[in-house]
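Here is the structure we will look at.
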There are 2 protein chains.
Amino acid sequence: MEIATGIRKKYPVPMIRRLPSYLRIIKSYSYGGIEYISATDIANELGYDSVKVRKDLALTGVCGKPRMGYKVDELIRAIRSIVGWDKNSEAVLVGTGCLGSALLGFTGFSRRGINFAAAFDVDPHKIGMTVHGHTVMPMRGMKNFITERKIEIAVLTVPADAAQETVDILVDAGIKGIWNFSPAILKVPARVVTQNENLMSGLAVFMVKMATESV
Amino acid sequence: MEIATGIRKKYPVPMIRRLPSYLRIIKSYSYGGIEYISATDIANELGYDSVKVRKDLALTGVCGKPRMGYKVDELIRAIRSIVGWDKNSEAVLVGTGCLGSALLGFTGFSRRGINFAAAFDVDPHKIGMTVHGHTVMPMRGMKNFITERKIEIAVLTVPADAAQETVDILVDAGIKGIWNFSPAILKVPARVVTQNENLMSGLAVFMVKMATESV
DNA sequence: TAGATTGTTAATCGATTAACAATC
DNA sequence: TAGATTGTTAATCGATTAACAATC
């Protein structure tokens, strides 16, 4: 069950993207006091093919029992371990605009082990304000804060034209990963992980679907 | 150049997801007064393989000139047409929590032809409040509003446990597509398009990347 | 012309789906 | 036992990448 020391499995990205949905359903079974869940159960809830789910679950390393399914709490533990939601890490949020504020107020992060240690903004008017319990701090102090507290994760919600200069500071401060909500493509050294969330990609797919559907 | 009547091309989803990034770069060339852009230019900006970009651009129907590249304004027009950002449509937003409010304040939608005709919420305390210029209206009036104004698009930012009941009202009102930001999987008739944005999928991929990188 | 670029055809890669044996 | 389910192996599908001819 535990991850072999040194060796780390390579999980397919599409599978990783599905894990949170699986987890959500498995947890609802857990809350309902149900001990076992089958790949078919999950597939039905999500409208997926059950073979796909079974293959994904196989990759988690959890073994199922024929006729029974998979042990709910084993799956929960395994998935949370893969996606790193079983341990706490501190993060900074940079850019307290609409989206940044929304993310600060989102309770889902702390439940997944991501805690905002600080929020930063350039706007002098925002400094000192409290956004969902987090005091906005001046960008000036960001580098030292990150370095001293050894923060590894930054959530980037600044406008596109401020993205790269902000990233340079983050990288300089020793950040390990940047979750980027700006549309800008970031230039970072190879050791720094970036993950781009592009809201507009989703909108594009949605609009194309709508157009094709209505033929 | 124009879309053949009746026949509509089927675009690959990964290609559609890349179009907004392409558009952003091409537009920056346009603002800079540059008339032509090559697939290599775009690929370099985004860190993509240039062949992939060229193939995507071929699918838009725009022809490039060897040694010159593609005409910037032709590409802009073609991409905007494919993703439906060249015409206006009205939308309602349901659920004015953190994320809903953030989306209401996001100027990018109107620039892409999506205009919020109204925002709805169940919370009586929120009714009448103005969020980024939009007055919050009671859920009670939503069905009639959508039907009368012939609104086709709904942006769903309600909590997971309220999602399905809200969707039932939307479907009943004749909505054509639902852009779903709740983690719930929606049950809708086949004629209704849904597009799920799952923030947690992105977080999962990010965390796995971080873990694999730091080996 | 030389060289940069487009555009097409073939090869590779990876994910999904199908088929089926194994298990309780 | 019968039947539902797991898990594995093979087949299919689609996207990316490679190779190369065509163009200006």
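In the text below, chain A, chain B and the rest are named by the order of the sequence lines, each starting its count at 1.
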Distance to the ring centre below 6.0 angstrom and angle to the axis at most 45 degrees; does that hold for B:Arg80 and B:Trp85? no

The answer to which of B:Leu57 and A:Pro66 contacts DNA chain C further toward the 5' end, by nearest nucleotide, is B:Leu57

Separation of B:Ile37 atom CD1 from C:dA4 atom C1', in whole Å? 16 Å

Geometric class of the A:Phe109/A:Trp179 ring pair [parallel <30°, tilted 30-60°, perpendicular >60°]: perpendicular

Can you name the residues that form a side-chain contact (heavy atoms from CB on, under 4.5 Å) with A:Thr147, not counting sequence neighbours? A:Lys143, A:Ala173

Polar atom pairs (N or O), protein with nucleotides 13-16 of chain D, under 3.5 Å:
residue: D:dT16; atom: OP1; partner: B:Arg18; partner atom: NH1; Å: 2.8
residue: D:dT16; atom: OP2; partner: B:Arg18; partner atom: NH2; Å: 3.2

The reported gap from NE2 in B:His132 to CG in B:Leu103 (rounded to nearest 0.5 angstrom) is 9.5 Å

If pairs are Watson-Crick or G-U with both distances under 3.5 Å, what is the dot-bracket string of DNA chain C, marking crossing pairs with [ ] and pairs to another strand with |? ..||||||||||||||||||||||

Atom pair CD1/NZ of B:Ile42 and B:Lys52 - distance to nearest 0.5 Å: 13.0 Å

Under 3.5 Å, is there a donor on one side chain and an acceptor on the other for A:Lys65 and A:Tyr36? yes

Please confirm whether the shortest side-chain N or O distance from B:Tyr70 to OP1 or OP2 of C:dG7 is below 4.0 Å. yes

Round to the nearest Å and state the distance from B:Met68 atom CE to C:dG7 atom C1'. 17 Å

Examine C:dT6: is either OP1 or OP2 under 4.0 Å from a nitrogen or oxygen in the side chain of B:Arg54? Give yes or no. yes

Quick one: does NZ or CZ of B:Lys209 land under 6.0 Å from the six-membered ring centre of B:Phe206, within 45 degrees of the ring axis? no

Less than 3.5 Å apart, any donor N or O on the side chain of B:Asn115 or B:Ser110 sitting next to an acceptor on the other? no

Quickly work out the B:Leu59 CG to C:dT8 C1' distance and round it to whole Å. 13 Å

Output the rounded distance in Å from CG (B:Asn44) to C1' (C:dA4). 13 Å

Residue B:Val51, side-chain atoms from C-beta onward, closest of C:dT5, D:dT17, C:dG3: D:dT17

Nucleotide nearest A:Arg67 when distance is taken to its side chain, options D:dG7, D:dC24, C:dC24: C:dC24

Are A:Tyr70 and A:Cys63 packed together at the side-chain level, in the sense that at least one heavy-atom pair is separated by less than 4.5 angstrom? no

Provide, to the nearest angstrom, the distance between the CG atom belonging to A:Asp41 and the C1' atom belonging to D:dT6. 13 Å

